[in-house]
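Values in this document were obtained by computation on a predicted structure and should not be read as measured data.
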There are 2 protein chains.
Amino acid sequence: MTEYKREIALPSEPAGGAEILGFRPLYRQVKDHFVRRLVDGVWAPGTALPSEGQLAAELGVSQGTVRKALDELAAENLLVRRQGRGTFVAEHDEQRILFQFFKLVPDDGAARFPDSTVLATESAEADPAERQALALEVGETVLRIRRFRSLGDKPVILETISLPERRFPGLANGPIPNNLYSLFATRYGVTVAHAREKLKAVALSPEEARRLGTAAGTPALLIDRLALSLEGAPVERRLSLCLTEEAHYQSDLR
Amino acid sequence: MTEYKREIALPSEPAGGAEILGFRPLYRQVKDHFVRRLVDGVWAPGTALPSEGQLAAELGVSQGTVRKALDELAAENLLVRRQGRGTFVAEHDEQRILFQFFKLVPDDGAARFPDSTVLATESAEADPAERQALALEVGETVLRIRRFRSLGDKPVILETISLPERRFPGLANGPIPNNLYSLFATRYGVTVAHAREKLKAVALSPEEARRLGTAAGTPALLIDRLALSLEGAPVERRLSLCLTEEAHYQSDLR
DNA sequence: TAGTGGTCTAGACCACACA
DNA sequence: GTGTGGTCTAGACCACTAA
């Protein structure tokens, strides 16, 4: 193991790949290998990884190289490292979602996980916007979930979720849980790794206003979210209309 | 240098500090020391730092420890590292602002740095909201700048900037540049390191609508930004009203 | 060719959690 | 006490940049 520019022996590392892609450091290969294990469900959410030393021995690299790969995955919120305890696969529990994916917080008080009430679900052919967002072919179907969500008593969010039916067969058969991403992970092995949101200010239609218990024309925050899997594939599109009289969208620029 | 739990010899590192604050690793002390140099302007924006080896020798620590400190500062966008060239202090050029602080992008095309037209400036006693945001005492004054900004031809942002006059004396005497943060850095030695934004959807007042060339009641995105310095002190409060018919606020959740 | 940051290794020791 | 991640070191070599 004195050779520097090399590839570790793994099925996902075709020889010569480094030549095509340019220089690819060892810790990155190790990292990609670990991502593969996450994608394939070899390492399931909540479980503990082998120790750094074990992983290093297994792959034939130094502990420092394993460490760098694990550190990056932890920085991406895919793993959680706890000194003295071990390294764990991140779960989509409410705490993580609140921290990572839910940016609408009450003007006073702290962030809370909102309750959900499903209004309707339907299966339909994807419209052009859905096809574009979810990278679907013409004719493919989506499952649409329409629900409102409340912080405290008041409904503050009205959202329409579009899911590629091919990826989530039979999802509408059972009840729709409040925490969808957790369901994606446990039932379909799909991990939502990150998301892209586009925000606009819009006026509520009469129907939307009625659902949210307010007046038509009220300004609302429209959040167009595209959730991406570990592999970077689009998994969910979510249009959320949010009332912002007593809450705001928090964004930290670092 | 075999002792582990220790403090490097620096004026900013009072002996016993580690006891009060709990364990504080060496690389963190080194990092804080570097931040001090940035705050004090010893390392000015755009300049090159000494090499890792030089810094390590100077501080009496290993190169790896210096490296870890520099890596974290680079991750926070305070430094820029370039292989083969060196490590540089980040500047507030338009590219960085666009990337780090300006999240309103056209629905088509890519992000652009918007032009600005100053409508008015005034010096006044801080109102309660300004005092709260900027941590000012009763009676302290702020400089308010009101301007609109355009992407292409159309005015899309109407914003009111509040600055603590004590920190930026004489700012209103000269012309107000488009890129304020660059001015803060070069003329006042104040680096805006990050910012917190709170977004709401609101309806435009008749006056606001007139300024933006649209109808009263039009929904707009209200961005309430608080910019923080390297030390974490509030430096600027900015209220921006944004038209989002042809643009959106982009937020990436990782 | 010289100098810089980037990677990799091996080994020691520290802080922390848990049984 | 044992095992985990976290820190620190020293040294070698690689990749990149510019003179």
Distance, rounded to the nearest Å, where [X] contributes [atom1] and [N] contributes [atom2]:
X	N	atom1	atom2	result
A/Gln63	D/dT7	CD	P	13 Å
A/Phe23	C/dG6	CZ	P	12 Å
B/Leu79	C/dT4	CG	C1'	15 Å
B/Leu26	D/dC8	CG	C1'	8 Å
B/Leu59	D/dT9	CG	C1'	15 Å
A/Asp71	C/dC8	CG	C1'	15 Å
B/Arg24	D/dC8	CZ	P	11 Å
B/Gln83	C/dG6	CD	C1'	5 Å

With no hydrogens and no angle check, do the side chains of B/Glu197 and B/Tyr249 hold a donor and an acceptor under 3.5 Å apart?
-> yes
Please determine, for D/dT4, whether a Watson-Crick or G-U wobble partner exists with both distances under 3.5 Å, and give it or none.
->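 Per the H-bond distance test, C/dA15.
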Before accepting this row, confirm whether a basic side-chain N of the pair [X]/[Y] lies closer than 4.0 Å to the acidic partner's carboxylate O.
X	Y	value
A/Glu159	A/Arg149	yes
B/Arg81	B/Glu72	no
B/Lys200	A/Asp107	yes
A/Glu76	A/Lys31	yes

Indicate whether OP1 or OP2 belonging to [N] is found under 4.0 Å from a side-chain N or O atom of [X].
X	N	result
B/Lys68	D/dT7	yes
A/Arg81	D/dG6	yes
A/Thr65	C/dT9	yes
A/Ser62	C/dC8	no
B/Arg85	C/dG5	no

First of B/Leu49 and A/Gly64 reached from the 5' end of DNA chain C, by closest nucleotide | B/Leu49
Nearest listed nucleotide, side chain of [X], among [options]:
X	options	value
B/Glu52	C/dG6, D/dG5, D/dC8	C/dG6
B/Arg67	C/dC8, D/dT17, C/dG6	C/dG6
B/Gln54	C/dT4, C/dT9, C/dA15	C/dT4

